[in-house]
Number of protein chains: 2
Amino acid sequence: MSRQRLSRSESQALTRMRLLDAAAEVFAEHGVAGASVERIADRAGYTRGAFYGHFADKDAVVAALLEERTRREREEVAQLAASEGDTWEALRSWHRERSAHLEDWLALRLELVRHALRRPPGERSVLAQREAYAREALTGAVARELGTGTAEAAFTALIVHALEDGLAIQRAIDPGSVPADAVVTATEIVLRGARTADEP
Amino acid sequence: MSRQRLSRSESQALTRMRLLDAAAEVFAEHGVAGASVERIADRAGYTRGAFYGHFADKDAVVAALLEERTRREREEVAQLAASEGDTWEALRSWHRERSAHLEDWLALRLELVRHALRRPPGERSVLAQREAYAREALTGAVARELGTGTAEAAFTALIVHALEDGLAIQRAIDPGSVPADAVVTATEIVLRGARTADEP
DNA sequence: GTCTATAAAGAGATAGAC
DNA sequence: GTCTATCTCTTTATAGAC
């Protein structure tokens, strides 16, 4: 690598990645439907010709973006799960980091959710799998925290997972009314409630 | 009213309402940016001429829609709060009813959230006020349920409020993994956790 | 008030030059 | 691989008829 001339496939991949990142930004700003191919290419520093050299159309870039983000997230989660220390604490700091770019993240996330929901149920699988995977990881952490099996922990994990979106929305709408670490505090409350439910 | 000929202002208001309802549907299906004025007018049974007779442009109908839905929700919440019976149970059944048209509701809701987030923070007030009002109503109900003051109940109410969006998203993505009454069950868990937190 | 007609701009997608 | 040129279709918004 370093200062060497990029090989053909490397520069190809670079352009593709630049276009993907640009698309993510423009989607977040204007929405998928409101983002023109020209704007995306322009943001990446190219013209439309380059765009169509890498993607068949706008839908293709949405699909590619969803898969790329899903893959990236899988890697991050896998890393968290493999870490030796406190998995729960690791997940917490992950959320804290995310809250720094919360608005951009939420905007893109809502766009991808909306886009997935617009197609028939059978074709929502990429997003559904991403969600399932994230929830599985959370379920493991919750089960460990509560000292129960995964079956009992599943619903609690769902709540925690759902809170991430829900609180992000509330914080984006009115940052003053939602603390930056609301997810962490809320998760503690939910875990306490789940613990109490186990011992009636 | 009844079978009498509509007055001028009545028929005017009727057309406006039809256009608003049509806009809500089309926004939910195609997104605000993906919805053309012609589609909206067509859905309402008119042509674009009628549309431009009532709204300056597409942004105007989004603003009107947000205000109209906010007003409608305020009335519903006010009715709930005024009802003699168990306010909490009334809120629950409200959620249950909503889950029937969950996808449509969520689609429109996410569109309006996205649209609000696309403008500068100062201009998000209509949605922010709507959220604040809903949360206030919830805070009252939570305080009564926990037997605490509103200050202590505020954060718990925020969690419950956020869960509504978060669980709706999860259920829309994969209905099989989220029970229809998940909000109710989750709320019970959260309340239990909040109660335990009060008595350390 | 709502329709039809139309002007003007924007966007998707392809073809050919380099 | 990426650019410029171009074709076509869609959309916005206005103007004038009824």
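Chain A is the first sequence line, chain B the second, and so forth, proteins listed ahead of strands; every chain is numbered from 1.
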Self-check item: Interatomic distance, His54(B) NE2 vs dA13(D) C1' [rounded to whole Å]
Solution: 17 Å

Quiz prompt | Axial cation check for Tyr46(B) ring with Arg18(B), 6.0 Å and 45° limits | solution = no

Quiz item: Which part of the nucleic acid does Gly53(B) contact within heavy-atom distance under 4.0 Å: base, sugar-phosphate only, or nothing?
Solution: nothing

Practice problem: For His30(A) and dA11(C), give me the distance from atom NE2 to atom P, rounded to whole Å. | Solution: 10 Å

Quiz item: Just how far, in rounded Å, is P of dT4(D) from CZ of Phe51(A)?
Solution: 17 Å

Quiz prompt | Candidate nucleotides dT2(C), dT12(D), dA13(C), ranked by approach to the side chain of Tyr52(A) - the nearest | solution = dA13(C)

Exercise. Quickly work out the Phe55(A) CZ to dG1(D) P distance and round it to whole Å.
Key: 15 Å

Quiz prompt | Six-ring centre of Trp94(A), Arg98(A) cation under 6.0 angstrom, axis tolerance 45° | solution = yes

Self-check item: Residue whose closest nucleotide on DNA chain C lies nearer the 5' end, Thr15(B) versus Arg48(B)
Solution: Thr15(B)

Practice problem: Using whole Å, report how far CG of Leu14(B) lies from P of dG1(C). | Solution: 13 Å

Quiz prompt | Connected via hydrophobic side-chain network under 4.5 Å: Val160(B) and Ile173(A) | solution = no

Quiz prompt | Protein-nucleotide distance (Lys58(B), atom NZ; dG10(C), atom P), rounded to Å | solution = 15 Å

Self-check item: Hydrophobic cluster membership, Leu102(A) vs Leu158(B), 4.5 Å side-chain cutoff
Solution: no

Quiz item: Side chain of Ser36(A): nearest nucleotide among dC3(D), dG1(C), dG12(C)?
Solution: dG12(C)

Quiz item: Between dC3(C) and Thr47(B), is there an OP1 or OP2 to side-chain N/O distance shorter than 4.0 Å?
Solution: yes

Practice problem: List the steps and the verdict of side-chain hydrogen bond (donor to acceptor under 3.5 Å, both in side chains) for His161(B) and Glu131(B). | Solution: CA-CA 9 Å; His161(B) 188 192; Glu131(B) 297 303 306; 3.1 Å; yes

Quiz item: If you check the Asp57(A) side chain, which of dA13(C), dG1(C), dG12(C) turns out closest?
Solution: dA13(C)

Quiz item: Nearest of dC3(D), dT12(D), dG1(D) to any side-chain atom of Gln12(A)?
Solution: dG1(D)

Quiz item: OH of Tyr46(A) versus C1' of dT4(D): gap in Å, rounded?
Solution: 17 Å

Quiz item: Nearest-Å distance, CG (Asp42(B)) to P (dT10(D))?
Solution: 14 Å

